[in-house]
Amino acid sequence: RADLYLLVYQTMRLGIFSDVHANLEALNSVIEAYRLEQIDRYYCLGDVVGYGANPNECTNIVRKVAELTILGNHDAAVAGRMDYSYYYEAARHALDAHAQSLTSDNMAWLRSLPYKHRVPDANVLLCHGSPVRIEEFEYIFAPEQARECLPILEQLSDITLIGHSHLCKVFALKPGEVRELPARDFQLQPGYKYIVSVGSVGQPRDYDNRASYTVFDTETSTFEFKRVEYDIDMAATKIFEAKLERNFGHRLFIGV
């Protein structure tokens with residue numbers, strides 16, 4: 001008699017956030033908002049550092065809160081795990097400044113982060129950018145970019161969660177088909193796999209200046225987009241006082 005195995009996943013509420021970018025005010029507001037959500041596990045999809053004025057403080061919080069953090073391209077640059085000489089000058093300056101200011105413990109932590117992670121007891125894959133050529137940190141913010149994932153569709157989980165673009169996006173995939181869905185709360189449907197971009201905590205770029213964070217309920221297969229206001233004036237002032245590129249602060253007000 002052939003044995004029959006049934007894979008049963010644990011039901012959980014996952015708090016998934018990304019692209020903190022050293023914005024302490026935004027991160028604190030997101031963590032406070034999550035207290036109302038009954039979260040079982042937190043995951044960060046990378047780019048804890050870069051752009052903002054509080055790399056150590058944000059790294060300390062993410063290390064404490066998140067079950068696991070994915071390596072982002074800014075994390076990789078600061079940790080010496082990628083060549084960022086092609087980045088524009090202001091971004092390179094911020095990365096250099098963060099590399100000099102991070103504690104040795106936080107630097108070692110960045111150097112240890114994985115490129116991807118499958119959540120135990122849940123059919124969820126975490127990446128910073130596209131799961132295709134994962135070490136190259138490619139974007140997915142349009143259907144043609146999501147379509148590049150079709151050849152590896154069988155390797156993907158029911159839902160793949162990414163950051164990197166700082167945009168909230170939803171793509172539903174099945175063999176030969178990619179559909180972009182509205183970036184609002186939705187429930188996974190049988191026959192599709194999903195790629196979801198969760199937006200940015202610390203530097204949103206969808207013309208909504210509120211910090212972005214998300215929740216995935218594995219029992220109901222429901223994904224939720226959340227936004228919360230934070231003290232943008234303080235976050236921007238810190239950037240100006242740190243003599244980082246002033247546009248890194250200005251753009252926070254308009255969410256671009």
For [X], check side chain to side chain contact (heavy atoms under 4.5 Å, CB included) against everything at least two apart and list the hits.
X: Ala108; value: none
X: Arg227; value: Cys168, Pro204, Asp206, Asp208, Arg210, Ser212
X: Ala76; value: Leu71, Arg81, Met82, Phe137
X: Glu224; value: Arg13, Asp185, Val215, Thr222, Lys226

Please list every donor-acceptor pair under 3.5 Å in which a side-chain atom of residues 171-183 meets a protein atom from a residue at least two apart or in another chain.
unit_1, atom_1, unit_2, atom_2, d
Glu177, OE2, Tyr192, OH, 3.3
Arg179, NH1, Tyr192, OH, 3.4
Glu180, OE2, Lys169, NZ, 3.2

For residues 144-153, tabulate all N or O donor-acceptor pairs below 3.5 Å that involve a side-chain atom, not counting sequence neighbours.
unit_1, atom_1, unit_2, atom_2, d
Gln145, OE1, Phe141, N, 2.7
Gln145, OE1, Ala142, N, 3.0
Glu148, OE1, Arg133, NH2, 2.7

* **From His166 atom NE2 to Arg251 atom CZ, the distance as rounded to the nearest 0.5 Å** =>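 His166 NE2 to Arg251 CZ: 8.0 Å, rounded to 0.5 Å.
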Who pairs with [X] by side-chain hydrogen bond (donor to acceptor under 3.5 Å, both in side chains), at least two apart in sequence or on another chain?
X: His98; answer: none
X: Asp96; answer: Tyr84
X: Arg92; answer: none

* Hey, would you say the His74 and Tyr51 ring centroids sit under 6.0 Å apart? ->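 That pair passes the under 6.0 Å test.
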* To do: Measure centre to centre between the rings of Phe223 and Tyr194, then say whether the value is under 6.0 Å.
  =>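 No, ring centres 6.0 Å or more apart.
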* Remaining members of the apolar cluster that contains Tyr207, side-chain heavy atoms under 4.5 Å ->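 Tyr207 clusters with Ile254, Val256.
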* Asked: For Phe216, which residues count as a ring-ring contact (aromatic ring centres under 6.0 Å, His included) partner, sequence neighbours excluded?
  ->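 Scan of Phe216 (ring-ring contact (aromatic ring centres under 6.0 Å, His included), adjacent residues dropped) gives none.
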* Asked: Who are the ring-ring contact (aromatic ring centres under 6.0 Å, His included) partners of His250, not counting sequence neighbours?
  ->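 Expected list: Phe240.
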* To do: Answer yes if the side chains of Asp83 and Ser85 hold a donor-acceptor pair under 3.5 Å, and no otherwise.
  =>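 Checked: Asp83/Ser85 side chains pair up, N/O donor to acceptor below 3.5 Å.
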* Give the ring-plane orientation class for His128 versus His164, where under 30° counts as parallel, over 60° as perpendicular and anything between as tilted. =>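 Ring orientation, 0 to 90° scale: tilted.
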* Assess whether side-chain contact (heavy atoms from CB on, under 4.5 Å) is satisfied between Lys238 and Leu24, documenting all intermediate values. => CA-CA 10 Å; Lys238 287 181 177 179; Leu24 182 61; 4.0 Å; yes
